[in-house]
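Single-structure report; data block below.
Residues: numbered from 1 along the sequence shown. Counting starts at 1 for both ligands and their atoms, in listed order.
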Amino acid sequence: MKFFLDTANLAEIKRINELGLVDGVTTNPTIIAQENRDFETVIKEICALVDGPVSAEVVSLETEGMVKEAQELVRWATNVVVKIPMTEAGLKAVHQLSKLGIKTNVTLIFTVAQGLMAAKAGATYISPFLGRLDDIGMESLLLIQSLRQVLDNYGYQTEIIAASIRNLTHVEKVAEAGTDIATIPGTLFPKLWSHPLTDLGITRFMKDWEAFQNN
Ligand code: G3P
């Protein structure tokens with residue numbers, strides 16, 4: 001399974017990238033706004049840091065505007081993937097962009113049908129949102145399982161990015177369900193390698209070692 005970072009924070013990306021754990025980065029307008037920096041500068045810096053796809057989202061809602069923005073975004077760096085919202089205009093843009101060889105990540109996927117439509121239109125990636133489905137009382141993991149099954153049934157090459165990941169269980173369960181990628185917030189990522197019993201164990205080993213040295 002590949003791990004993407006769902007953040008535009010350079011410090012977070014640098015820290016986790018140095019562990020060799022970052023296969024790519026995803027952003028969206030909310031994430032970019034949180035950094036309060038110039039969009040183009042931030043995306044270029046991330047692209048230079050990470051050896052993998054970096055999603056940058058369009059803000060137009062019309063096909064023509066999306067395609068125009070996409071063509072500009074991919075000029076910023078060779079690893080930019082254009083994030084497109086899951087709408088009719090978005091599908092049309094994805095279809096056109098795929099014919100131009102521009103990689104896309106269709107975002108805000110909440111049903112299997114939406115995922116299938118995006119894959120058929122030519123999306124490189126689809127981003128089903130787990131946390132936001134949980135927020136409305138839906139069983140988000142079923143969506144990942146079903147998407148995995150239907151994409152495999154028909155041999156689509158589109159990769160599933162499990163997004164809106166909120167906790168460790170989400171990460172473990174989407175891995176079980178066969179997602180291609182999980183995109184994880186920078187603040188959650190360190191929890192993937194941590195456990196209180198690990199910390200406690202280290203403290204005890206150190207204490208015992210010190211006592212042994214002082215014998
Ligand atoms: O990858 C999508 C993600 O950024 C949305 O997460 O927590 O705002 O639902 P969240």
Residues in contact with ligand 1, criterion: heavy atom under 4.0 Å: D6, N28, I31, F129, R132, A163, S164, R166, T183
Apply the side chain to side chain donor-acceptor pair (under 3.5 Å) test between S55 and each candidate in T26, N105, T107; give the one that qualifies. N105
Hey, any chance L133 and I161 share a hydrophobic cluster, counting ILVMFWY side chains that come within less than 4.5 Å of each other, even indirectly? no
Among L143, I160, T179, V174, find the residue that satisfies the side chain to side chain contact (heavy atoms under 4.5 Å, CB included) test when tested with R148. I160
Measure the shortest side-chain to side-chain distance between V22 and D51 over non-hydrogen atoms and say whether it is less than 4.5 angstrom. no
Within a strict 4.5 Å, meaning less than it, do heavy atoms of the R166 and R132 side chains meet? yes
So among I109, I126, V150, which one has a side chain to side chain contact (heavy atoms under 4.5 Å, CB included) with L116? V150
